[in-house]
Amino acid sequence: MIFIYTDKQHKNKIILLFQVKGTFIDLSALEIALRMDLNISTDSTVVNTSNETTTESIVNNPSSEPERNLEEELSQQQCVLPIYDVDASYMISDGCFQVIPFIRMETSAKDDFICLYKDTYRNSSETADFIKHFENTYTPNEAIKWLYECPFIQRFLEIIFIYHSIESMLMCRFFINDIQNLLQNHMCNSTIEVYRYEIISNEQWSYLKKSKDQIIAVKYFFLANTDRSKASQSIAKQDSNNAKRVVFTVEANPKLAGVKPFAKIGPFSSINDENDVLFLIGSLFKLTDIVEESNDLINIKLTLCAADTTNTNQIACEQIKMKYMSSSDGIDLIVFGQFLSDLGKVLDKPVPFNHIEPIFQTCLNKLADDDLKRCRYYHGLGSIAFERNDLDKSLEWYQKSLDLNKQKQSNDHTYLTEIYSNLGKIYSFKQQLPEALDSYNELVQLYRNRLGDDCTKLIWCYINIALIHEKQTNFRDELSYYYRSLSIMNKHYQSIDEEQRTTLYSNIGIVYANLEEYHLALGYFRTALNERLKLQSNMSPLLAKLYSNIGLVCQYLNDIQQAKDNYTKAKQIYEQLNGSDDPNVKSIQEILQNLTI
């Protein structure tokens, strides 16, 4: 079995040279094809309680396969899939599945799906028939019908969920949206009890045993039935050697806030029983009890629930999702990239932007060279390069975006301010200070023209300009920009928090210290200290630094007792934060030993 990843130019030549299973120009399609060919399945059994099968589902489904022995299936898996963990991968996939339907894209959703399907099943003789049938008959109200009458779609969506294959999710976005809408619009209106029989691996059973009274995530389409006897038919003929026979008994209350939708799907699919109930992929359940019944059957009792309020990461992810989904500005691919970045920061797991970068490039290829929409994709590529710390490439993309904006004489002030802010930041990192200064001055002009001379956004523009002057040792110019910030801050005092005021006062104190104007420096350091002490949590490096700076200025003013008192306070904070081995503790201890009254 050989799979090859190549470019468009050499695809046909490789087909001629080798007997290959498939060639791919899309990494996402290659990933899916590999996993589906290796039979990496998220579900041990098909839980259809009806024996009906449609002719068209066989003719038009290249993935229809003969039944396989469960033991053989389990033995061929390289690892046990993490299908119950509420882990970072789950939170990323769940977030994407909820946000992706809101995304505006330049390409047709169905065209993207067909392109991905063609690349995944390139060598299947039935591919053309399937695509023709799909294009002619698919409607949003038939999404669940396709999910079960064309099993490859179910496997496909479950695999991209487990492996958070973001590019594939984007290309399946209409299907994700249609399934969610059907379940939401036809959601059960009262509490129900349903049953699902499965044969699970010993490893999965071991995980579930440890999860009693905890929340698990089901990373597949959880199909159950209100009739236990019908549900049990799904594993009646299955061999359970080296595995466990379980029945999930689920209580689901649709009125609980935050639960994912579930509905009876008999009306939507001719091969499903009228009492089949489908829970959306990614549904959360609390495992309340485990009971061993007769015939080696294990009853695992679950209750449908919402996000775990004790899981701080999950709550943070929920807040991020709501922020983007409720945005009045909508979501395009650039905003989606920022959404992924925010998720990655919360989870301390950078999202691999190689999943979304090819989509940006594809969108660019469909636009004319002078189309103003290109600016957003240039900007997105610049942001991705910046996340990778490739400052030169980031600068190149941002500059292309700015140049096209100027060429088209765009008046999108919001977008231009974002560009100039990013350019200023990158030039500062690269120590190209004159260019950074030019970018921030352009930013200042844009804000002043649009929002006036006293808008709060100018505070941080002036602070950034001041920091550039500090690097150039232009202390008087640095001081003048800090005072501009301070003037605006005083006019909007109530809207500026203590942390921001503390930072500005401290920076002004440092400038006066550099200018050897120690009395003025001491005044601003003490003002910064008073602001900082208003905060509930005072044990911070910033507070220690303020005490240390006050000690240093008092030392220069020959007020040795005050210097000792403040150095001692700084030392105590550093010790509490980092222990006695902190270099700051040792440095201050040495200063104290040398101070004499």
Side-chain angles (χ1 to χ4, degrees), residues 27 92 166-167 320 332-365 367 369 371-408 410 412-447 457-474 477-478 481 485 503 507:
L27 276 173
I92 292 171
I166 296 169
E167 185 181 355
I320 291 172
D332 60 11
L333 279 175
I334 311 303
V335 176
F336 181 61
Q338 184 59 53
F339 165 75
L340 293 177
S341 178
D342 288 350
L343 276 186
K345 290 172 184 174
V346 165
L347 299 170
D348 196 24
K349 180 178 181 178
V351 176
F353 282 100
N354 58 299
H355 286 295
I356 196 170
E357 191 172 17
I359 301 289
F360 285 11
Q361 294 285 4
T362 299
C363 292
L364 279 173
N365 293 339
L367 297 172
D369 290 345
D371 193 323
L372 195 58
K373 292 178 183 177
R374 298 180 73 89
C375 293
R376 291 290 288 166
Y377 295 109
Y378 290 151
H379 187 275
L381 291 167
S383 298
I384 290 172
F386 183 79
E387 291 284 344
R388 292 174 176 159
N389 204 32
D390 187 346
L391 298 183
D392 290 333
K393 179 58 72 173
S394 179
L395 193 60
E396 178 185 332
W397 285 119
Y398 284 140
Q399 192 61 53
K400 288 184 75 169
S401 181
L402 180 60
D403 291 343
L404 183 55
N405 261 282
K406 288 181 176 179
Q407 176 189 329
K408 303 295 287 186
S410 169
D412 188 343
H413 289 277
T414 301
Y415 182 64
L416 287 172
T417 54
E418 195 174 349
I419 284 288
Y420 279 117
S421 177
N422 288 333
L423 286 173
K425 181 165 55 176
I426 293 173
Y427 280 129
S428 293
F429 283 141
K430 289 171 61 65
Q431 298 300 311
Q432 293 178 230
L433 302 183
E435 290 85 354
L437 203 54
D438 289 342
S439 297
Y440 283 126
N441 280 327
E442 291 282 357
L443 183 60
V444 165
Q445 200 58 46
L446 284 169
Y447 280 137
K457 291 184 181 295
L458 285 171
I459 293 173
W460 300 108
C461 292
Y462 290 143
I463 287 175
N464 284 325
I465 292 174
L467 292 172
I468 292 171
H469 285 300
E470 179 190 26
K471 292 177 182 178
Q472 296 174 324
T473 65
N474 297 328
D477 289 335
E478 178 188 5
Y481 279 97
S485 292
T503 300
N507 287 354

Take Leu437 and Tyr427 through the test side-chain contact (heavy atoms from CB on, under 4.5 Å) and record every step on the way to the result. CA-CA 9 Å; Leu437 203 54; Tyr427 280 129; over 6 Å; no
Are Leu423 and Asp438 close enough, and set up right, to give a side-chain contact (heavy atoms from CB on, under 4.5 Å), and what steps lead you there? CA-CA 10 Å; Leu423 286 173; Asp438 289 342; over 6 Å; no
One pair to check against side-chain contact (heavy atoms from CB on, under 4.5 Å): Leu364 and Leu381. What are the steps and the verdict? CA-CA 11 Å; Leu364 279 173; Leu381 291 167; 3.7 Å; yes
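Here Ile166 contributes atom CD1 and Leu340 contributes atom CG; the two are 4.5 Å apart, rounded to the nearest 0.5 Å. Separation of atoms CD (Glu442) and CD1 (Ile419) is listed at 13.0 Å; rounding is to 0.5 Å. Rounding to the nearest 0.5 Å gives a distance of 11.0 Å between OH of Tyr440 and CG of Leu433. Separating the OH atom in Tyr447 from the OG1 atom in Thr417 is a distance of 4.0 Å, to the nearest 0.5 Å. The SG atom of Cys375 lies 4.0 Å from the CG atom of Asn405; values are rounded to the nearest 0.5 Å. Here Leu443 contributes atom CG and Cys461 contributes atom SG; the two are 3.5 Å apart, rounded to the nearest 0.5 Å.
Ring centers of Tyr415 and His379: under 6.0 Å apart, within the cut-off.
Looking at Glu387 and Ser341, their side chains do bring a donor and an acceptor atom within 3.5 Å of each other. No hydrogens or angles considered: a donor-acceptor pair under 3.5 Å links the side chains of Tyr398 and Ser383. Counting only N and O atoms by type, the side chains of Asn365 and Gln361 include no donor and acceptor under 3.5 Å apart. When only modelled atom types and interatomic distance are considered, Asp403 and Gln399 share a side-chain donor-acceptor pair under 3.5 Å.
A 4.5 Å side-chain heavy-atom check between Ile384 and Phe360 finds at least one atom pair inside the cut-off. At a threshold of 4.5 Å between non-hydrogen side-chain atoms, the residues Lys430 and Leu395 count as touching. Counting only heavy atoms from C-beta outward, the side chains of Lys457 and Leu446 never approach each other to under 4.5 Å.
Arg374 places a side-chain N or O within donor-acceptor distance of the main-chain N or O of Leu367, the cut-off being under 3.5 Å. A donor-acceptor pair is defined here as one N or O able to donate and one able to accept, closer than 3.5 Å; such a pair exists between the side chain of Asp390 and the backbone of Lys393. A donor-acceptor pair under 3.5 Å is formed between the side chain of Ser428 and the backbone N or O of Gly424.
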Can I get a per-line list of side-chain donor-acceptor pairs under 3.5 Å for residues 464-472, giving both atom names and the distance, sequence neighbours left out?
{"from": "Asn464", "atom 1": "ND2", "to": "Trp460", "atom 2": "O", "distance (Å)": "3.1"}
{"from": "Gln472", "atom 1": "OE1", "to": "Asn474", "atom 2": "ND2", "distance (Å)": "3.3"}

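Among all heavy-atom pairs drawn from Leu372 and Leu404, the shortest one is CD1-O, 4.3 Å.
In this structure, Lys425 forms a cation-pi arrangement with Phe386, its terminal cationic atom sitting closer than 6.0 Å to the ring centre and no more than 45° off the ring axis.
The residues Asp371 and Lys408 are annotated as not salt-bridged, no charged nitrogen and carboxylate oxygen being separated by less than 4.0 angstrom.
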